[in-house]
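Here's the structure we're looking at; comments come further down.
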Number of protein chains: 2
Amino acid sequence: MDRYVELLRKKGLKVTPQRLEILRYLDKNRIHPNIERIYSDLKKGHPSLSKTTVYNVIDDLSRADLLQILTIDRFEILCDFKAEPHHHFLCKECHKVYDLDGDFSCHLLEKIRSEGFQVDEVHGYFKGTCRSCSKGKKEE
Amino acid sequence: MDRYVELLRKKGLKVTPQRLEILRYLDKNRIHPNIERIYSDLKKGHPSLSKTTVYNVIDDLSRADLLQILTIDRFEILCDFKAEPHHHFLCKECHKVYDLDGDFSCHLLEKIRSEGFQVDEVHGYFKGTCRSCSKGKKEE
DNA sequence: TCCAAGTTTATAATGGTTACAAGATTATAA
DNA sequence: TTATAATCTTGTAACCATTATAAACTTGGA
């Protein structure tokens with residue numbers, strides 16, 4: 001059975017072509033697209049797609065924990081297929097968002113857990129200048 | 001000299017009553033208010049205050065690094081007076097945002113720094129159930 | 001005190017997001 | 001299969017937070 005069909009079934013979501021397309025798109029395109037980007041990219045191969053549907057599906061998938069909504073930039077909402085837990089780096093020069101693999105267990109997390117907080121989600125993001133942009137600057 | 005006057009001067013911002021009031025408000029009220037909350041609270045003692053001004057001032061202060069804009073919840077933008085570096089915990093039950101003191105140095109951060117990323121800002125937040133709400137559940 | 005630069009204000013415009021309702025599709029069970 | 005209820009998709013319209021604008025006012029420095 002299709003991997004994405006399975007994902008939706010597991011979460012008790014009805015399997016529709018729109019949900020499958022968006023899931024597949026997010027999995028194959030790890031570019032942290034915003035709603036507009038998803039809509040315009042998928043509209044090409046599926047002209048009847050409505051932007052309302054993109055909003056609805058993103059909302060459903062996010063609630064089902066199949067994707068993460070990132071709010072790194074103040075008003076820009078980005079979507080990220082939820083595979084392994086990972087964090088993010090936003091380059092303030094080129095505005096690229098990097099995925100950072102690797103857990104980040106840290107003192108703070110251990111501390112609040114020991115204090116009785118039940119932590120379900122750990123979000124971390126760093127901002128600065130990425131390797132490529134740092135190099136570029138030195139050469140100027 | 002007034003502490004807030006000094007903060008503004010240091011950053012090269014003109015000292016206006018509106019900026020002072022908002023700075024003082026954020027410093028004295030560590031409640032992570034949104035724009036609407038700041039506006040309605042300050043409007044009481046300063047009826048001519050315009051919401052546009054709140055937007056402008058928050059924008060100026062944030063650019064001057066005197067406050068932090070939090071985007072923990074998808075669409076809720078919260079303002080946080082920038083004192084010591086700290087992180088946040090959002091309780092999904094009571095929707096309270098806790099300030100977490102303490103650094104969160106972690107392997108991931110060290111790793112990307114060693115790879116040539118220049119990290120200026122470290123943002124971390126956790127979501128889950130806070131101590132009080134966890135206790136409440138057990139008693140049910 | 002005067003002036004230029006910057007700030008505040010009210011109003012209007014913008015545009016991303018949501019509400020709605022009709023029609024289509026899906027899952028389930030007979 | 002076919003019927004049925006529940007759910008989903010779509011386009012349109014409405015909403016409302018944020019931004020643009022321009023006039024009046026304030027600030028900081030000469």
Side-chain angles (χ1 to χ4, degrees), chain A residues 1-2 4-25 32-64 66-67 69-79, chain B residues 1-2 4-25 32-64 66-67 69-79:
Chain A
M1 199 202 321
D2 187 281
Y4 305 107
V5 171
E6 205 173 355
L7 281 174
L8 291 172
R9 290 252 168 89
K10 258 188 206 158
K11 298 293 185 171
L13 292 172
K14 284 196 176 176
V15 177
T16 69
Q18 292 83 352
R19 286 176 174 171
L20 287 174
E21 266 203 71
I22 291 177
L23 255 189
R24 182 175 302 113
Y25 172 85
H32 311 96
N34 59 18
I35 296 279
E36 182 57 37
R37 179 73 192 270
I38 298 170
Y39 173 67
S40 63
D41 280 358
L42 294 181
K43 185 89 176 169
K44 292 168 196 162
H46 181 159
S48 78
L49 183 68
S50 156
K51 197 182 268 185
T52 304
T53 300
V54 179
Y55 277 103
N56 289 339
V57 171
I58 291 301
D59 209 45
D60 298 335
L61 297 180
S62 142
R63 258 202 282 268
L66 291 173
L67 66 86
I69 305 276
L70 306 180
T71 48
I72 296 177
D73 242 350
R74 193 160 150 201
F75 297 111
E76 191 68 286
I77 288 146
L78 308 164
C79 301
Chain B
M1 196 202 321
D2 186 282
Y4 305 106
V5 172
E6 203 172 355
L7 280 174
L8 291 173
R9 290 251 167 90
K10 260 191 205 158
K11 299 291 185 173
L13 292 172
K14 284 194 175 175
V15 177
T16 69
Q18 291 84 350
R19 286 175 173 169
L20 287 173
E21 266 203 70
I22 291 176
L23 255 188
R24 181 176 302 114
Y25 172 85
H32 311 96
N34 59 18
I35 297 280
E36 182 57 37
R37 178 72 192 270
I38 299 170
Y39 173 67
S40 65
D41 281 358
L42 294 182
K43 184 90 177 169
K44 294 166 194 162
H46 181 161
S48 78
L49 182 68
S50 156
K51 196 182 271 186
T52 306
T53 300
V54 180
Y55 277 103
N56 288 339
V57 171
I58 292 301
D59 208 46
D60 297 336
L61 298 180
S62 142
R63 259 201 283 268
L66 291 171
L67 66 85
I69 306 275
L70 306 180
T71 48
I72 296 177
D73 241 351
R74 192 158 152 204
F75 298 111
E76 193 66 286
I77 287 144
L78 308 162
C79 302

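Bear in mind the structure is a predicted one, so any value in this text is a computation, not a measurement. Order of the sequence lines sets the chain letters (A, B, ...), proteins ahead of strands, with each chain counted from 1.
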Computed from five pairs at either end and rounded to 10 degrees, the angle between the axes of the helix from C/dT1-D/dA30 to C/dA30-D/dT1 is 40°

Are any protein N/O atoms closer than 3.5 Å to N/O atoms in nucleotides 28-30 of chain D? If there are, list each pair with its distance.
unit_1 : atom_1 : unit_2  : atom_2 : d
D/dG28 : OP1    : B/Val15 : N      : 3.1

Please determine, for the side chain of B/Ser50, which listed nucleotide (D/dT9, C/dT9, C/dT18) has the closest atom? C/dT9

Under 3.5 Å donor-acceptor, B/Lys51 side chain and B/Tyr39 backbone: no

Rounded at 0.5 Å granularity, tell me how far OG in B/Ser40 sits from CD1 in B/Ile35. 11.5 Å

Spacing of A/Glu21 atom CD relative to D/dC8 atom P, expressed in whole Å: 17 Å

Hey, does the side chain of A/Gln18 come within less than 4.0 Å of D/dT10's phosphate (OP1/OP2), counting only N and O? yes

At under 4.0 Å between heavy atoms, what does A/Asn56 touch on the DNA or RNA strands: base, sugar-phosphate, or nothing? base

Working to the nearest 0.5 Å, report the span between CD of A/Glu6 and CZ of A/Arg9. 9.5 Å

At their closest point, which heavy atom of B/Asp60 faces which heavy atom of B/Leu13, and how far apart are they? O-CD1, 4.3 Å

With a 3.5 Å distance limit and no angle check, can you tell me whether B/Arg19 reaches the backbone of B/Lys14 through a side-chain donor-acceptor pair? yes

Would you say a side-chain N or O of A/His46 is under 4.0 Å from OP1 or OP2 of D/dT10? yes

